[in-house]
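Predicted, not measured: the structure shown is a model, and the values here were computed from it. Start at 1 with the first residue, then count along the sequence. FYI, side chains are in, hydrogens and waters are out, and symmetry mates aren't considered; it's all heavy atoms of this structure.
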Amino acid sequence: MISLKSTLFVVACLLSSFVHGHIPGGGSEESAFSILTDPPAEDPEDLNAELFVGDEVVVNLTVINGPSESYLVRSGREFVFDAEVLNQDDDIIYANESIHVKITGNFLGIESLEFVDPDTEEVAGTFDIRVKKKQRLVDYLFTYVILVWLVISYVSMGALMDLPLLKERIYPPWSLLIGMFCQFILMPLVTFSLANILPVDNPTGVGIVLVGTCPGGWLSNIFSVLLDVDFILSVTMTFFSSIVGLAMMPLNIFIYATPFIQGNKNLETPFIDLALNLILLVVACVVGILLGYKFEK
């Protein structure tokens with residue numbers, strides 16, 4: 001049974017997130033601010049620049065329809081990238097003036113090039129900068145090794161399932177239903193509340209929500225063995241949460257991550273890729289169950 005204290009904690013988190021929480025970038029004061037690029041962007045709503053860590057690019061911009069006549073150009077977070085207005089003694093620019101901004105990538109991430117009103121020190125507009133990591137051969141090898149290892153671990157997990165014991169954990173299904181409730185109802189609500197309460201930006205908020213919507217994995221099975229608890233129940237939860245996650249994970253992401261995305265194409269969730277990955281894990285687990293049933297030794 002879920003205790004009264006746990007229920008009150010969830011309710012308090014939700015109320016706090018809606019009353020005191022924040023979702024950055026939701027104001028309408030920047031609607032009059034617009035930027036033109038040279039060459040022009042194919043989609044005016046998809047203004048951004050991309051570069052790799054350690055590289056430099058020069059972005060040609062023109063500020064139009066702004067609320068001020070001049071702006072201070074700066075990096076939203078110099079940890080991610082540095083910004084310098086070329087051919088200027090300072091980083092002050094003027095409206096309807098074409099400028100050249102040199103961007104230097106420092107670290108992997110998505111951050112904004114900010115245009116600040118010098119008088120009010122408020123951010124009048126932003127331009128997204130995406131700093132990516134160069135893919136090396138070792139990165140590709142690491143990705144595929146992890147993928148193969150993950151598939152093997154799920155096949156092994158399925159092979160370890162004892163079908164008679166599995167039926168005992170399913171009937172009656174109360175322990176399984178409680179686990180599903182905590183996994184797909186409680187955790188997404190708590191992480192969404194934390195993402196609103198904590199002073200984080202939109203990409204970080206999406207990341208927090210993603211962590212809370214993921215189904216359980218093999219790590220819980222390892223801890224169940226180390227702590228000498230019900231391993232069969234842990235494996236059963238992992239198997240069924242992977243199946244239920246095919247529907248609940250995209251649904252929870254749509255419900256809880258949408259307020260942080262707000263039309264930003266850089267933060268859109270790859271639902272098809274998520275579904276394919278979950279299907280791969282479910283298939284691997286089913287193959288393990290069949291192998292364990294066919295070859296008991």
Side-chain angles (χ1 to χ4, degrees), residues 1-2 133 135-188 190-191 206-257 269-297:
M1 294 293 293
I2 299 175
K133 180 182 178 182
Q135 291 293 323
R136 303 167 297 175
L137 178 59
V138 65
D139 296 324
Y140 289 107
L141 291 176
F142 178 79
T143 300
Y144 286 108
V145 167
I146 290 296
L147 178 61
V148 172
W149 171 78
L150 190 61
V151 170
I152 292 176
S153 67
Y154 268 75
V155 172
S156 302
M157 179 185 70
L160 291 174
M161 287 186 178
D162 190 331
L163 293 182
L165 292 177
L166 186 63
K167 292 180 181 179
E168 291 180 6
R169 298 304 185 277
I170 298 176
Y171 302 106
W174 303 119
S175 58
L176 196 62
L177 291 177
I178 292 174
M180 292 296 173
F181 174 81
C182 294
Q183 183 75 63
F184 295 109
I185 304 298
L186 191 61
M187 278 185 58
V190 172
T191 52
V206 173
I208 294 174
V209 171
L210 286 176
V211 171
T213 56
C214 291
W218 56 270
L219 190 60
S220 61
N221 304 329
I222 294 177
F223 276 108
S224 67
V225 174
L226 294 177
L227 299 176
D228 194 24
V229 294
D230 196 335
F231 172 74
I232 299 299
L233 178 60
S234 177
V235 172
T236 305
M237 266 297 304
T238 301
F239 175 69
F240 281 99
S241 66
S242 298
I243 296 177
V244 177
L246 290 172
M248 291 302 299
M249 186 177 180
L251 178 62
N252 281 326
I253 291 175
F254 176 76
I255 294 174
Y256 298 113
T269 305
F271 291 106
I272 296 178
D273 292 339
L274 286 175
L276 291 176
N277 291 332
L278 290 174
I279 290 174
L280 175 63
L281 297 180
V282 172
V283 170
C285 194
V286 171
V287 170
I289 294 175
L290 295 177
L291 289 176
Y293 179 77
K294 185 70 174 179
F295 308 100
E296 294 183 1
K297 295 184 179 180

### Query
side-chain hydrogen bond (donor to acceptor under 3.5 Å, both in side chains) with Thr213: which residues, sequence neighbours excluded?
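For Thr213, no residue satisfies side-chain hydrogen bond (donor to acceptor under 3.5 Å, both in side chains) once neighbours in sequence are set aside.
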#### Entry: Ser153: partners by side-chain hydrogen bond (donor to acceptor under 3.5 Å, both in side chains), with sequence neighbours left out
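Here no residue qualifies.
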### Query
When you look at Val148 and Ile152, which way does the side chain to side chain contact (heavy atoms under 4.5 Å, CB included) test go after all the steps?
CA-CA 6 Å; Val148 172; Ile152 292 176; 3.8 Å; yes
### Task
Please name all residues satisfying side chain to side chain contact (heavy atoms under 4.5 Å, CB included) with Val211, sequence neighbours left out, ordered by chain then number.
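Val211 satisfies side chain to side chain contact (heavy atoms under 4.5 Å, CB included) with no residue once adjacent residues are dropped.
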I need the [X] [atom1] to [Y] [atom2] distance, nearest 0.5 Å.
| X | Y | atom1 | atom2 | value |
| --- | --- | --- | --- | --- |
| Ser241 | Met248 | OG | CE | 12.0 Å |
| Ile279 | Ile243 | CD1 | CD1 | 11.0 Å |
| Leu137 | Phe142 | CG | CZ | 14.0 Å |

Contacts under 3.5 angstrom, residues 282-290 side chains, donor-acceptor by atom type, not counting sequence neighbours:
none

### Query
What are the two closest heavy atoms between Pro250 and Gly245, and how far apart are they?
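For Pro250 versus Gly245, the nearest heavy atoms are CD-O, 3.3 Å.
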### Query
Which atom names give the shortest non-hydrogen contact between Val206 and Ala257, and what distance separates them?
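For Val206 and Ala257, the tightest heavy-atom pair comes out as CG2-O, 4.5 Å.
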Side-chain polar contacts of residues 176-187 - donor-acceptor pairs under 3.5 angstrom, sequence neighbours left out - could you list them?
unit_1	atom_1	unit_2	atom_2	d
Gln183	OE1	Gly216	N	3.4
Gln183	NE2	Cys214	O	2.8

